[in-house]
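Take a look at the structure set out below.
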Amino acid sequence: MSNKENDDLLAETTQLLSQEIPSGVDRRTFLMRSAVVGATAVMTGRVVSAQERTERSTAAPPLAQDLNVVQKGKGPILTTVDEFYKVGPGPSSSHTIGPMRITYDFYQRATKLPADKLAKATALKVHLFGSLSATGKGHGTERAALAGLVGKEPATVDPAFLDSLRDKPDQTFPVKLGDKSVTVSRKDIVYDATKGGCKHPNTMSAKLMAGDEVLLEQEYYSVGGGFIEWKGYTPPKKNAPKYPFATMKELRAHADNNKLSIAKVMLANEMSIMGRTEEEVYAFVDKIINAMTATVRSGLKMPENDVLPGPIKLHSKAATVYKRAMDDSYQSDRGIGALSAYALAASEENGRGHLVITAPTGGSAGVMPALVYGLIENRKVPLEKVRDGMLAAAAIGYLCKHHATLSAAEGGCQAEIGVASSMAAALVATANDAETRVVENAAESALEHHLGMTCDPVAGYVQVPCIERCAFGAVKAWTAYAIASNEIASRHRVDFDATVQALAQTAKDMNSKYKETSEAGLALSVVLC
Ligand code: SF4
């Protein structure tokens, strides 16, 4: 016989109601979701505890613990510049560069299948899940995925090819697999479930089919900053770094004990981890510097009022802001205006889906290039100092990746623009010969003042707020350097490691609606007409 108290689900509510609004969800949403769970309990006759109701009301999907990106906080940092700074099509490292690398990887795997299997192939299919499905259309994920599938490499793809995928969506392409050729089109890239039990919010699956038979299948994850993993992924084998570090404190100790700058510690590690010469490391860094200045230059050359692709009909403003800044009678205003224009220029290129550099992501791709361009073109800082700045900036990005995240789908915009601004502050400080502690303080300050920043791209397009946000991130980086280089470094009260910890915790607590899903914030309040 049933207990009378339990029969009446509304009689006793203390077991059903959490006494506190949990972290990671706003009060209104929590109460609404909680009410829905409670109503379901009444309708189904099943009692839902306060704990279960709380868990279901916060509803932020956890990442699978076996992903390398989750386990990364252990051991010394082994990331290298060629993994970190990636050139590829905008507008989003996780939604375009990552997916394009994934389908390119799958294409390569497919070509290696035995000839008898390839002879049976009839189709290639890609499914997008989670955030890739929710906001992929706005990012052009299906175009990037299709480009990789037809064998185009992210770093070398012609932006005109990507523009043609947008302008002529019905095109078909032959994909050569051994002696066989399979035809693919945008229809083969499927926007699948936006929610569900995925290991990572940016999950994809790719299949090579022979009719209904699956010849090859692989599940992939675009884990942020253009990095990718797959089911069964094991990180590549690397040598031990010369100066192993997992925190800024350890990195600073190596620099101090060996009388080296952060940049030179990083150079020694890059050389030892991958067995490269100094020339090889710098040659790669130079390529990235050139790509960054090229993206600013091409963005500034775009006609004033060029309209960016997508439903927002956003007019570009880089050229106008630059021209007006040059006409300003105050030197300081000219500086801020020019720096903003450089960031807008590179970020608008990202919005066009043209080539960008992850530093650390596509959405934040205007921040570092703005400072690199400003240092080289305006300040005439020697190339060697900018190179060192790029290495110090990389150290900041690695630390954030190692202990927190570079993915907006995991941590909101603080993980993109926040980290980019922090990297840029380290770049400027290093290029200005600042001492180690000032480099750290500048990076800390820039990151600190982005903590909590959410990701809410309007209509799922990396344009609003992203493009202007790059300009603010660039200016904040300069402000962080200005403050750090004018204070007594040892009196700075917040160390970089503590701020990265705060970034990680804030990312965990942030409601999933603010993590690149376009379900809240500006994405909700801005009405497009
Ligand atoms: S709001 Fe920030 S994190 Fe989100 S897409 Fe834009 S730049 Fe990236």
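Values below: all heavy atoms of this structure, side chains included; hydrogens, waters and symmetry mates excluded. Read the numbers this way: they start at 1 and go in the same order the structure lists the ligands and their atoms.
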*asked:* Distance under 4.0 Å to a non-hydrogen atom of R469: what atoms of ligand 1 satisfy this?
replied: 1 (S)
*For atom CZ of R379, is the number of surrounding heavy atoms from other residues, nucleotides or ligands below 6.0 Å larger than 12?*
no
*In the protein, which heavy atom is nearest to atom 4 (Fe) of ligand 1, and how far is it?*
C455 SG, 2.3 Å
*With H95 as reference, evaluate V462, T135, T361 under the side-chain contact (heavy atoms from CB on, under 4.5 Å) test and give the passing residue.*
T135
*Residue E304 excluded, over 12 heavy atoms near CD under 6.0 Å*: yes
*Full working for side-chain hydrogen bond (donor to acceptor under 3.5 Å, both in side chains) between Y342 and N378*: CA-CA 11 Å; Y342 302 155; N378 294 88; 2.7 Å; yes
_Distance from atom 8 (Fe) of ligand 1 to nearest protein heavy atom, with residue and atom_ = E416 OE1, 2.7 Å
*asked:* How far is atom 6 (Fe) of ligand 1 from the closest protein heavy atom, and which atom is that?
replied: C466 SG, 2.2 Å
*atom 2 (Fe) of ligand 1 [closest protein heavy-atom partner, distance rounded to 0.1 Å]*: C413 SG, 2.3 Å
*Output the distance between atom CG (L149) and atom CG (D105), rounded to the nearest 0.5 Å.*
11.5 Å
*Distance under 6.0 Å and angle within 45° of the ring axis: does K401 meet both against F227?*
yes
_Ligand-side contact atoms (ligand 1) for residue partner A408, heavy atom cut-off under 4.0 Å_ = 3 (S)
*With a 4.0 Å heavy-atom cut-off (strictly under), which part of M453 contacts ligand 1: side chain, backbone, both or neither?*
neither
